[in-house]
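In this chain, residues are counted from 1 in sequence order. Note that these values count all heavy atoms, side chains included, but never hydrogens, waters or copies made by symmetry.
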Amino acid sequence: VVIVYGAEHDSGQSGLWMELIDGETLADAVTARGPMSAREAAGIGIDVCRAVSALHAHGLVHRDIKAANVMREVGGRIVLMDFSGAHGIDDAQPPTRQGTPIYMAPEQLAGERATPASDIYAIGVLLFFLLTGRHPVEGETLADLEAAHQQHRRVRLLDARPDLPEALVRVVERAIAAPQD
(Lines give C-alpha, C1' and ligand atoms only; values in the text may rest on other atoms or scores of the structure.)
Protein backbone atom coordinates (compact mmCIF):
# COMPACT_ATOMS: atom_id res chain seq x y z
CA VAL A 1 0.00 0.00 0.00
CA VAL A 2 1.30 3.45 -0.86
CA ILE A 3 2.72 5.21 2.20
CA VAL A 4 0.54 8.11 3.27
CA TYR A 5 2.50 10.65 5.29
CA GLY A 6 -0.42 12.80 6.30
CA ALA A 7 -3.88 14.15 5.61
CA GLU A 8 -5.51 17.48 6.14
CA HIS A 9 -8.98 18.92 5.76
CA ASP A 10 -9.30 22.67 5.32
CA SER A 11 -12.06 24.87 3.91
CA GLY A 12 -14.05 21.92 2.59
CA GLN A 13 -11.04 20.42 0.81
CA SER A 14 -9.21 17.26 1.82
CA GLY A 15 -5.69 16.39 0.85
CA LEU A 16 -3.17 13.62 1.36
CA TRP A 17 0.56 13.69 0.99
CA MET A 18 2.18 10.41 0.17
CA GLU A 19 5.30 8.82 -1.20
CA LEU A 20 6.23 9.43 -4.82
CA ILE A 21 6.39 6.15 -6.71
CA ASP A 22 8.95 5.94 -9.50
CA GLY A 23 7.44 3.43 -11.88
CA GLU A 24 4.42 2.75 -14.06
CA THR A 25 0.83 1.73 -13.59
CA LEU A 26 -0.14 -1.80 -14.52
CA ALA A 27 -2.50 -0.29 -17.11
CA ASP A 28 0.48 1.40 -18.77
CA ALA A 29 2.52 -1.82 -18.59
CA VAL A 30 -0.17 -3.88 -20.35
CA THR A 31 -0.73 -1.15 -22.93
CA ALA A 32 3.00 -0.93 -23.66
CA ARG A 33 3.92 -4.64 -23.63
CA GLY A 34 0.68 -6.61 -23.89
CA PRO A 35 -0.72 -9.27 -21.56
CA MET A 36 1.50 -10.66 -18.84
CA SER A 37 2.66 -14.18 -18.22
CA ALA A 38 0.82 -16.31 -15.70
CA ARG A 39 3.77 -16.15 -13.32
CA GLU A 40 4.06 -12.36 -13.47
CA ALA A 41 0.31 -11.78 -13.04
CA ALA A 42 0.09 -14.29 -10.18
CA GLY A 43 2.93 -12.56 -8.32
CA ILE A 44 1.22 -9.20 -8.74
CA GLY A 45 -2.06 -10.74 -7.61
CA ILE A 46 -0.45 -12.01 -4.41
CA ASP A 47 0.96 -8.56 -3.65
CA VAL A 48 -2.37 -6.83 -4.35
CA CYS A 49 -4.20 -9.38 -2.20
CA ARG A 50 -1.81 -8.70 0.68
CA ALA A 51 -2.41 -4.96 0.38
CA VAL A 52 -6.19 -5.37 0.22
CA SER A 53 -6.13 -7.84 3.12
CA ALA A 54 -4.37 -5.19 5.23
CA LEU A 55 -7.06 -2.65 4.30
CA HIS A 56 -9.85 -5.07 5.15
CA ALA A 57 -8.17 -5.94 8.46
CA HIS A 58 -8.28 -2.23 9.30
CA GLY A 59 -11.97 -2.03 8.44
CA LEU A 60 -11.65 -0.38 5.01
CA VAL A 61 -12.93 -1.25 1.54
CA HIS A 62 -10.90 0.25 -1.36
CA ARG A 63 -13.78 0.39 -3.93
CA ASP A 64 -11.60 1.25 -6.95
CA ILE A 65 -9.02 -1.47 -7.49
CA LYS A 66 -7.98 -1.33 -11.15
CA ALA A 67 -4.86 -1.50 -13.31
CA ALA A 68 -4.51 2.30 -13.27
CA ASN A 69 -4.47 2.30 -9.44
CA VAL A 70 -1.70 -0.27 -9.03
CA MET A 71 1.87 0.70 -9.79
CA ARG A 72 5.02 -1.31 -10.30
CA GLU A 73 7.87 0.65 -8.80
CA VAL A 74 11.30 0.57 -10.38
CA GLY A 75 12.79 -2.47 -8.65
CA GLY A 76 9.53 -4.41 -8.81
CA ARG A 77 7.54 -3.45 -5.71
CA ILE A 78 3.77 -3.50 -6.40
CA VAL A 79 1.92 -0.58 -4.81
CA LEU A 80 -1.84 -0.13 -4.39
CA MET A 81 -2.75 3.54 -4.88
CA ASP A 82 -5.71 5.94 -4.84
CA PHE A 83 -7.76 5.72 -1.69
CA SER A 84 -10.17 8.51 -2.65
CA GLY A 85 -13.09 6.08 -2.71
CA ALA A 86 -12.18 3.99 0.33
CA HIS A 87 -14.71 3.75 3.13
CA GLY A 88 -15.33 1.79 6.28
CA ILE A 89 -16.66 -1.74 5.96
CA ASP A 90 -19.31 -0.89 8.57
CA ASP A 91 -20.00 2.59 7.18
CA ALA A 92 -23.63 3.45 7.97
CA GLN A 93 -23.93 6.05 5.19
CA PRO A 94 -26.19 5.22 2.25
CA PRO A 95 -24.36 3.29 -0.48
CA THR A 96 -22.87 5.30 -3.32
CA ARG A 97 -21.78 4.02 -6.69
CA GLN A 98 -18.12 4.89 -6.60
CA GLY A 99 -15.31 3.37 -8.57
CA THR A 100 -14.61 2.42 -12.15
CA PRO A 101 -17.64 0.63 -13.63
CA ILE A 102 -15.70 -1.95 -15.69
CA TYR A 103 -14.08 -3.19 -12.42
CA MET A 104 -17.22 -2.96 -10.26
CA ALA A 105 -18.91 -6.03 -8.88
CA PRO A 106 -22.48 -6.54 -10.12
CA GLU A 107 -23.90 -5.58 -6.73
CA GLN A 108 -22.02 -2.27 -6.80
CA LEU A 109 -23.38 -1.52 -10.27
CA ALA A 110 -26.84 -2.24 -8.87
CA GLY A 111 -26.31 0.44 -6.24
CA GLU A 112 -25.57 -1.80 -3.27
CA ARG A 113 -22.86 -1.05 -0.72
CA ALA A 114 -19.31 -2.12 -1.57
CA THR A 115 -17.98 -4.92 0.64
CA PRO A 116 -14.71 -6.83 0.90
CA ALA A 117 -16.22 -9.21 -1.70
CA SER A 118 -16.49 -6.24 -4.09
CA ASP A 119 -12.74 -5.67 -3.74
CA ILE A 120 -12.09 -9.37 -4.39
CA TYR A 121 -14.19 -9.13 -7.56
CA ALA A 122 -12.13 -6.13 -8.68
CA ILE A 123 -8.89 -8.05 -8.05
CA GLY A 124 -10.26 -10.84 -10.28
CA VAL A 125 -11.00 -8.31 -13.03
CA LEU A 126 -7.53 -6.81 -12.56
CA LEU A 127 -5.91 -10.24 -12.98
CA PHE A 128 -8.10 -10.99 -16.02
CA PHE A 129 -6.92 -7.71 -17.55
CA LEU A 130 -3.26 -8.39 -16.78
CA LEU A 131 -3.54 -11.82 -18.42
CA THR A 132 -5.61 -10.85 -21.48
CA GLY A 133 -5.50 -7.08 -22.00
CA ARG A 134 -9.30 -6.98 -21.77
CA HIS A 135 -12.05 -7.21 -19.17
CA PRO A 136 -14.36 -10.18 -18.52
CA VAL A 137 -17.51 -8.04 -18.81
CA GLU A 138 -17.45 -5.23 -21.34
CA GLY A 139 -19.81 -2.53 -22.49
CA GLU A 140 -19.76 0.90 -24.10
CA THR A 141 -22.01 2.46 -21.45
CA LEU A 142 -22.96 1.90 -17.84
CA ALA A 143 -26.29 0.48 -19.04
CA ASP A 144 -24.42 -1.97 -21.31
CA LEU A 145 -22.33 -3.17 -18.36
CA GLU A 146 -25.37 -3.56 -16.14
CA ALA A 147 -27.17 -5.55 -18.85
CA ALA A 148 -24.14 -7.77 -19.44
CA HIS A 149 -23.99 -8.60 -15.74
CA GLN A 150 -27.73 -9.23 -15.51
CA GLN A 151 -27.56 -11.55 -18.54
CA HIS A 152 -24.36 -13.22 -17.28
CA ARG A 153 -22.52 -12.29 -20.49
CA ARG A 154 -18.80 -12.45 -19.88
CA VAL A 155 -15.68 -13.90 -21.38
CA ARG A 156 -14.26 -16.95 -19.64
CA LEU A 157 -10.55 -16.69 -18.93
CA LEU A 158 -9.71 -19.99 -20.64
CA ASP A 159 -11.50 -18.80 -23.79
CA ALA A 160 -9.25 -15.74 -23.85
CA ARG A 161 -6.02 -17.53 -22.75
CA PRO A 162 -6.22 -21.33 -23.10
CA ASP A 163 -2.50 -21.61 -22.22
CA LEU A 164 -2.95 -20.57 -18.57
CA PRO A 165 -2.43 -22.93 -15.63
CA GLU A 166 -5.67 -24.42 -14.33
CA ALA A 167 -5.05 -23.27 -10.74
CA LEU A 168 -4.67 -19.63 -11.78
CA VAL A 169 -7.78 -19.81 -13.95
CA ARG A 170 -9.77 -21.23 -11.01
CA VAL A 171 -8.68 -18.38 -8.73
CA VAL A 172 -9.57 -15.66 -11.24
CA GLU A 173 -12.87 -17.29 -12.25
CA ARG A 174 -13.87 -17.71 -8.60
CA ALA A 175 -13.15 -14.04 -7.86
CA ILE A 176 -15.33 -12.83 -10.75
CA ALA A 177 -18.05 -15.49 -10.57
CA ALA A 178 -21.65 -14.44 -10.23
CA PRO A 179 -23.49 -16.28 -7.43
CA GLN A 180 -25.12 -18.62 -9.98
CA ASP A 181 -21.87 -19.40 -11.87
What's the shortest heavy-atom distance between [X] and [Y], and which atoms?
{"X": "A38", "Y": "L131", "answer": "CA-CD2, 3.9 Å"}
{"X": "A68", "Y": "T25", "answer": "O-CG2, 3.5 Å"}
{"X": "V61", "Y": "A114", "answer": "CG1-CB, 4.1 Å"}
{"X": "A29", "Y": "E24", "answer": "CB-OE2, 3.5 Å"}
{"X": "M81", "Y": "H62", "answer": "O-NE2, 2.9 Å"}
{"X": "E173", "Y": "L157", "answer": "OE2-N, 2.7 Å"}

Tell me whether [X] contacts the main-chain N or O of [Y] through its side chain, where contact means a donor paired with an acceptor under 3.5 Å.
{"X": "D64", "Y": "T100", "value": "yes"}
{"X": "H56", "Y": "T115", "value": "no"}
{"X": "H58", "Y": "L60", "value": "no"}
{"X": "D144", "Y": "E138", "value": "no"}
{"X": "S53", "Y": "C49", "value": "no"}

Using the rule side-chain contact (heavy atoms from CB on, under 4.5 Å), only one of V70, N69, V172 pairs with L126; which is it?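 When side-chain contact (heavy atoms from CB on, under 4.5 Å) is applied between L126 and each of V70, N69, V172, only V70 qualifies.
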Pair Y121-E107, side chain to side chain contact (heavy atoms under 4.5 Å, CB included): steps then yes or no: CA-CA 10 Å; Y121 177 89; E107 64 273 12; 5.7 Å; no
Would L130 and V30 satisfy side chain to side chain contact (heavy atoms under 4.5 Å, CB included), going step by step from the backbone distance to the final call? CA-CA 7 Å; L130 297 179; V30 171; 3.8 Å; yes
Can you name the side-chain contact (heavy atoms from CB on, under 4.5 Å) partners of L145, sequence neighbours left out?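 Partners of L145 under the side-chain contact (heavy atoms from CB on, under 4.5 Å) test: P101, I102, L109, V137.
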Using the six-membered ring wherever Trp is involved, compare the ring planes of Y103 and F129 and label them parallel, tilted or perpendicular (cut-offs 30° and 60°).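 Geometry flag for F129 against Y103: perpendicular rings.
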Can you tell me how far [atom2] of [Y] sits from [atom1] of [X], rounded to the nearest 0.5 angstrom?
{"X": "R63", "Y": "M104", "atom1": "CZ", "atom2": "CE", "answer": "8.0 Å"}
{"X": "R134", "Y": "R161", "atom1": "CZ", "atom2": "CZ", "answer": "13.0 Å"}
{"X": "I65", "Y": "L127", "atom1": "CD1", "atom2": "CG", "answer": "10.5 Å"}
{"X": "L80", "Y": "L26", "atom1": "CG", "atom2": "CG", "answer": "10.0 Å"}
{"X": "E112", "Y": "S118", "atom1": "CD", "atom2": "OG", "answer": "8.5 Å"}

Look at R72 together with E40 and state whether they make a salt bridge at an N to O cut-off of under 4.0 Å.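 Here R72 pairs with E40 in a salt bridge, since their nearest N and O are under 4.0 Å apart.
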Find out if a path of hydrophobic residues (ILVMFWY) with successive side-chain heavy-atom gaps under 4.5 Å connects [X] to [Y].
{"X": "V171", "Y": "V48", "result": "no"}
{"X": "I46", "Y": "I120", "result": "no"}
{"X": "V52", "Y": "I78", "result": "yes"}

When you look at CD of E166, are more than 12 heavy atoms from neighbouring residues, nucleotides or ligands closer to it than 6.0 Å?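 Incorrect, the count does not exceed 12.
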